[in-house]
*Asks:* 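Questions regarding the structure given below will be posed in turn.
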Amino acid sequence: MTKLIPMISAEEIQIKIKYAAELISRDYKNKKLVLVGILKGSIIFLSDLTREITIEHEIDLVGTSSYSGTETTGSIKFTKLPDIQLEGKDILIVEDIVDTGTTLTALMRYFQTLKPASVKICALINKNERRELPIDVHYSCFDIEKGFIVGYGLDYNEKYRNLPAIFDLKL
Ligand code: IMP
Ligand code: MG
């Protein structure tokens, strides 16, 4: 039987997002900040984060599917490319969770080819259990050691994204 064990409350999430947004608003003052959310897991986090950031910025979204795609963009396959011109901009990738690091390593490589002024990472969750590639997560709201978590955008087979808090999923 599937069990959802409460792990991070909705209130705790909002506190950490406010703090991350403060740091971002300070660090990117007078820069050309673009938040680039990774579909679909980051959309809820992105929508809260953008409203807490107090400096002017743009938003875009990219979609990725498999790790072993055959596209020329690297080792990930894009289901949606960025819409806005990113050359000379300060890209902040917004991701739900960093696990092995495969997705972000490939995305960092891709964004660098667009000649931005900078590329950094903001993740809701930094999970260390299965890290295979070293990833510098510049802004992270929560660090967890292990487990499979759902809620607040994170899914298990496309379910549970709507939960307002984060739960440990026990199958
Ligand atoms: P990575 O390329 O292994 O770092 O994978 C990151 C992606 O795997 C995330 O964007 C999620 O879509 C998914 N993922 C990894 N761990 C979890 C988890 O605990 N819950 C839900 N999705 C996860
Ligand atoms: Mg994801």
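Here, residue 1 is the first one in the sequence, and each next residue gets the next number. As the structure lists them, so they are numbered: ligands from 1, and atoms in each ligand from 1.
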*Asks:* Heavy-atom contacts with G101 under 4.0 Å: which atoms of ligand 1 show up? List them by number with element.
*Replies:* 1 (P), 3 (O), 4 (O)
*Asks:* Y28 and side-chain contact (heavy atoms from CB on, under 4.5 Å): which partner among L23, L33, V34?
*Replies:*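 Among L23, L33, V34, the one that satisfies the side-chain contact (heavy atoms from CB on, under 4.5 Å) with Y28 is L33.
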*Asks:* Which atoms from ligand 1 have a heavy atom of E95 less than 4.0 Å away?
*Replies:*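 Every atom of ligand 1 under 4.0 Å from some heavy atom of E95: 10 (O).
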*Asks:* Taking the basic N atoms (NZ, or NE/NH1/NH2) and the acidic carboxylate oxygens, is any pair closer than 4.0 Å for K40 and E158?
*Replies:*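 Counted as a salt bridge, because a side-chain N and a carboxylate O are separated by less than 4.0 Å.
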*Asks:* For atom 16 (N) of ligand 1, which of the options R161, R131, K127, R130 provides the nearest non-hydrogen atom?
*Replies:*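 Closest candidate by heavy-atom distance is K127.
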*Asks:* Is the shortest side-chain heavy-atom distance between L49 and C122 below 4.5 Å?
*Replies:* yes
*Asks:* Should L35 and D60 count as side-chain neighbours, where that means a heavy-atom distance under 4.5 Å?
*Replies:* no
*Asks:* Need the ligand 1 atom indices (1-based, order shown) with element for anything under 4.0 Å from a heavy-atom of D155.
*Replies:*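 Here the atoms of ligand 1 in question are 21 (C).
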*Asks:* Considering V150, I149, L154 one by one, which has a heavy atom nearer to atom 20 (N) of ligand 1 than any of the others?
*Replies:* I149
*Asks:* For a side chain to side chain donor-acceptor pair (under 3.5 Å) check, start with the C-alpha distance between Y152 and D48, then their side-chain angles and the critical distance, and finish with the verdict.
*Replies:* CA-CA 11 Å; Y152 197 75; D48 280 341; 2.5 Å; yes
*Asks:* Check whether K170 reaches the backbone of I5 with its side chain - one donor and one acceptor, N or O, closer than 3.5 Å.
*Replies:*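 It does not hold such a pair.
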*Asks:* Going by distance only, is there an N or O of L104 that falls short of 3.5 Å from an N or O of ligand 1?
*Replies:* no
*Asks:* Which ligand 1 atoms does D96 reach within 4.0 Å, using its non-hydrogen atoms?
*Replies:* 9 (C), 10 (O), 11 (C), 12 (O)
*Asks:* Say whether T103, considering both its backbone and side-chain N or O atoms, lies within less than 3.5 Å of an N or O atom on ligand 1.
*Replies:* yes
